[in-house]
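These notes concern the structure reproduced below.
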Amino acid sequence: MLTISRLTKQFGDKIAVDAANIQIDAPAMIGIIGRSGAGKSTLLRMINRLSDASDGEILFQGEDVTAMRGAARRHWQSRCAMIFQQFNLVPRMDVVSNVLHGTLNRRSTLATMFNLYPQSDIHKAIDILDRLGIAEQAPKRAEALSGGQQQRVAIARALMQDPAIILADEPIASLDPMNAQVVMQSLRDIHEEDGRMVIANLHTLDTARRYCDRVIGMRDGRIVFDGTPAQLTTGVARDIYGAGADFSEAATSTEIETLDRTDAPKIEVVA
Ligand SMILES: Nc1ncnc2c1ncn2[C@@H]1O[C@H](COP(=O)(O)OP(=O)(O)OP(=O)(O)O)[C@@H](O)[C@H]1O
Ligand SMILES: [Mg+2]
């Protein structure tokens, strides 16, 4: 249903994504891993059309996403919701209004100006917040919530668009391990219960292994691994993260790993 062919992004001399090919036949939960600068965010941004590809093609259910312009592009962006590391909420606005912002693409300018929402949308927003376990936070300002709660508000805002695909760019990178688990489990539930495709850039191997059906490894803009979590062995991880990485402990561990993504990536195993 989603076919990415030879997708390339060049910034000057720098090839950020180099002829990436990804075929996704059915809704899946997919993790993208790779060290800093590997091209993960650039890939997601091209899929969402926040960024134009330099070359290559994206097809979704036979439609050419890369060629979409104007209204077609905006419609695509509402079918393909994006979640960010920093949540991107309006901090001083209440939670339910933040969620209702997910309907912006289909509202008139006048309705937006006067902050008018149909009753049905308000009910839908509350139902989604309830599903994510944060309905009681609805009247609070977004800035008054914990990071994990804020990320769930961002997920709720994405769900208001009823997207076929949710793209998450390091959704748990700013969260403590407990909140990270809650957010990843929410994404997993949304995938399983609603049949939505989830593609998440993740910075720990363990998270990718634990929550995803399929893992894609990127290195220097290229896809160097595409397989199941079980196939993601220590050797493969070293290939993805570079020769300097130490994955000896990570191979046997099912505990939370923290990947230090500076020059020589290491795995720290928290017992
Ligand atoms: N707007 C831009 N202009 C120029 N170069 C860019 C731009 N965006 C990204 N790049 C470069 O493209 C490469 C890939 O960047 P990208 O942000 O996709 O990596 P990433 O895998 O998401 O890294 P991180 O894990 O740090 O988020 C990097 O070398 C980066 O410097
Ligand atoms: Mg990134």
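Treat the numbers as computed from the prediction; the structure is a model and nothing was measured. Remember, it's 1-based here, ligands and their atoms both numbered in the order they're listed.
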_Part of Met218 within contact of ligand 1 (heavy atoms, under 4.0 Å)_ =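 Contact part for Met218 vs ligand 1: neither.
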_Proximity to ligand 1 by part of Glu170, non-hydrogen separation under 4.0 Å_ =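 Side chain only; the backbone of Glu170 stays clear of ligand 1.
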*asked:* Which option wins on minimum heavy-atom distance to atom 23 (O) of ligand 1: Ser41, Gly37, Ser51, Gly34?
replied: Gly37
*What atoms in ligand 1 come closer than 4.0 Å to a heavy atom of Ser36?*
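Listed by number with element: 23 (O), 24 (P), 25 (O), 26 (O).
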*Identify, by atom number and element, the atoms of ligand 1 in contact range of Ala16, meaning under 4.0 Å from any of its heavy atoms.*
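Listed by number with element: 12 (O), 13 (C), 14 (C).
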*Leu50 and Met82, any side-chain heavy atoms less than 4.5 Å apart*: yes
*asked:* Within the structure provided, determine whether Phe84 and Glu170 are in side-chain contact (heavy-atom separation under 4.5 Å).
replied: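 Phe84 vs Glu170: side chains apart.
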*Mind checking the CG-CD1 spacing from Leu202 to Ile30? Nearest 0.5 Å is all I need.*
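So the CG of Leu202 and the CD1 of Ile30 are separated by 11.5 Å.
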*Roughly how far, to the nearest 0.5 Å, is the OG atom of Ser120 from the CG atom of Asp127?*
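Rounded to the nearest 0.5 Å, the CG-OG separation comes to 11.0 Å.
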*Glu57 atom CD: more than 12 heavy-atom contacts under 6.0 Å*: yes
*Check whether any N or O atom of Gly39, backbone or side chain, sits under 3.5 Å from an N or O atom of ligand 1, and answer yes or no.*
yes
*Under the criterion side-chain contact (heavy atoms from CB on, under 4.5 Å), which of Ile199, Ile83, Asp194 is the partner of Ile166?*
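Considering Ile199, Ile83, Asp194, a side-chain contact (heavy atoms from CB on, under 4.5 Å) with Ile166 is found only for Ile83.
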*Ser41 near the Mg ion (ligand 2) via N/O/S, less than 2.8 Å*: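 Given the 2.8 Å cut-off, Ser41 counts as a ligand of the Mg ion (ligand 2).
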